[in-house]
Amino acid sequence: VEVAGRLLRALVGEGRAMMLRDLAKAAHMPAAKAHRYLVSLSRLGLVDQDPATGRYDLANFALELGLARQGRIDAIGLATVVLEELRESTGESGLLAVWGDQGPTVVRVLESRRPAFVLTRLGAAMPLTWSATGLAFIAFLPESVTRKLVAAELEANRRSTGTQAPQTKKDLETLVKTVRQYGLSRIQGTVTPGTNALAAPIFDHRGTVVAVITLLGSERDLDISWDGTLVRALRNAAESVSRKLGYSPSKSDHG
């Protein structure tokens, strides 16, 4: 099984159909040996060979296995565990949000042990254009998904006074460009005065944002510098969940 697995891993890693000689080389075995294993894998429906080109590729049962695995993964559960670990290691508050009809919707809240720091409630919709959580969604979701809600919020921002929220699409694009550059979003005191926030997206195997994890704390305690330890911890946490969901940056538009 382990030897056959080397052939399957080679096909997955290459991302395309392969000739026998190339597949054997990638799996570090003689071509004759690789062929014997490929015959057995073909009988199982894990591999098939194109009669026209002679190239081998993953077959239907390999797809069924992948889909079965994805169906057993609880993205919210995985992200919650990571968020709990972040809260313990950093001492900061955290929340987990998914995309809903009203935009970013809070599904988990973990409060800091520091006194007098109150987070938003479960089920609340976070601002799209002026929260770290919202900006992370805008930056990595398709514009077709966010366009209507973004337009409505920008209009509301223009009617507000004394706010740091972006009021034009150009203002928002400047913020979003930075989020895409660093892979995270950060906010300093715009949602709640005196409160900083860092947020990171979680991607599934298709490269789709399925959730955003956010750390929140006072401006005094929560370091939002791009080279700070909290940014590294949050990025590593989000990436670990994304990998468990099958996300591969090398095969996606997201960096």
(request) Start with the C-alpha distance between Gln188 and Asn196, add both sets of side-chain angles, then the distance that settles side chain to side chain contact (heavy atoms under 4.5 Å, CB included), and finish with yes or no. (result) CA-CA 5 Å; Gln188 186 171 10; Asn196 286 354; 3.1 Å; yes
(message) Does Phe203 form a side chain to side chain contact (heavy atoms under 4.5 Å, CB included) with Thr208? I'd like the steps, not just the answer.
(response) CA-CA 5 Å; Phe203 302 102; Thr208 301; over 6 Å; no
(request) Start with the C-alpha gap between Glu173 and Lys169, add the side-chain angles, then the distance that decides, and say whether side chain to side chain contact (heavy atoms under 4.5 Å, CB included) holds. (result) CA-CA 6 Å; Glu173 287 173 349; Lys169 189 173 181 180; 3.6 Å; yes
(message) Checking Leu23 against Leu7 for the side chain to side chain contact (heavy atoms under 4.5 Å, CB included) test, could you report, in this order, the C-alpha distance in whole Å, the side-chain angles of both residues, the deciding distance, and whether it holds?
(response) CA-CA 7 Å; Leu23 183 51; Leu7 292 164; 3.8 Å; yes
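Residue Gly134 comes nearest to Pro104 through the heavy atom pair CA-CG, 3.8 Å, listed as atom of the first residue, atom of the second, then distance. Contact record, Arg158 with Thr168: NH1-CA, 4.2 Å, taken as the closest heavy-atom pair. Smallest separation of non-hydrogen atoms from Arg206 and Asp204: NH2-OD2, 2.6 Å. Across every non-hydrogen atom of Thr229 and Arg232, the tightest pair is CG2-NH2, 3.1 Å. Of all heavy-atom pairs spanning Val231 and Ile224, the tightest one is CG2-O, 4.3 Å. Among all heavy-atom pairs drawn from Leu86 and Ala233, the shortest one is CD2-O, 3.9 Å.
A distance of 12.5 Å separates CZ of Arg235 from OG of Ser242, quoted to the nearest 0.5 Å. For the atom pair OG1 of Thr214 and CG of Leu96, the computed distance is 8.0 Å after rounding to the nearest 0.5 Å. If you take CG on Leu222 and OG1 on Thr90, they are separated by 8.0 Å, rounding to the nearest 0.5 Å. Of the inter-residue distances, the one linking Thr133 atom OG1 with Ile138 atom CD1 reads 11.0 Å to the nearest 0.5 angstrom. If you take CZ on Arg55 and CG on Leu20, they are separated by 11.5 Å, rounding to the nearest 0.5 Å. Going from atom OG1 of Thr129 over to atom CG of Leu175 covers 8.5 Å, rounded to the nearest 0.5 Å.
Linking Ile, Leu, Val, Met, Phe, Trp and Tyr residues whenever their side-chain heavy atoms come within less than 4.5 Å leaves Met19 and Val47 in two separate clusters. No continuous path of hydrophobic side-chain contacts links Val81 to Ile76 [ILVMFWY only; heavy atoms under 4.5 Å]. Clustering ILVMFWY residues whenever any of their side-chain heavy atoms sit less than 4.5 angstrom apart, transitively, puts Val12 in the very cluster that holds Phe61.
Using a 4.5 Å cut-off on side-chain heavy atoms (C-beta onward), Thr80 and Val107 make no contact. Residues Val3 and Lys33 have side chains in contact (heavy-atom distance under 4.5 Å, counting atoms from C-beta outward). Contact check for Arg180 versus Val176: side-chain heavy atoms found under the 4.5 Å cut-off. With contacts defined as side-chain heavy-atom distances shorter than 4.5 Å, the pair Val212/Leu95 does not qualify. Counting heavy atoms from C-beta on, the side chains of Trp130 and Pro166 come closer than 4.5 Å. Between Leu149 and Thr146 the shortest side-chain heavy-atom distance does not fall below 4.5 Å. In this structure, Met18 and Leu11 have side chains that are in contact, with non-hydrogen atoms separated by less than 4.5 Å. Under the 4.5 Å side-chain criterion, counting only non-hydrogen atoms from C-beta, Gln49 is not in contact with Leu38.
For Asp50, the CG atom sits in a packed shell: over 12 heavy atoms of surrounding residues, nucleotides or ligands are nearer than 6.0 Å. No more than 12 heavy atoms of other residues, nucleotides or ligands shown are found within 6.0 angstrom of CD on Gln102.
Listed by chain and residue number, Trp226 satisfy the ring-ring contact (aromatic ring centres under 6.0 Å, His included) test with Tyr182 (two or more places apart in sequence, or in another chain).
Looking at Arg87, its side chain does come within 3.5 Å of a backbone N or O of Glu111 through a donor-acceptor pair. The backbone N or O of Leu215 sits nowhere less than 3.5 Å from a side-chain atom of Glu92 that would complete a donor-acceptor pair.
The existence of a salt bridge linking Arg159 and Glu155 is confirmed by a sub-4.0 Å separation between a basic side-chain nitrogen and an acidic carboxylate oxygen.
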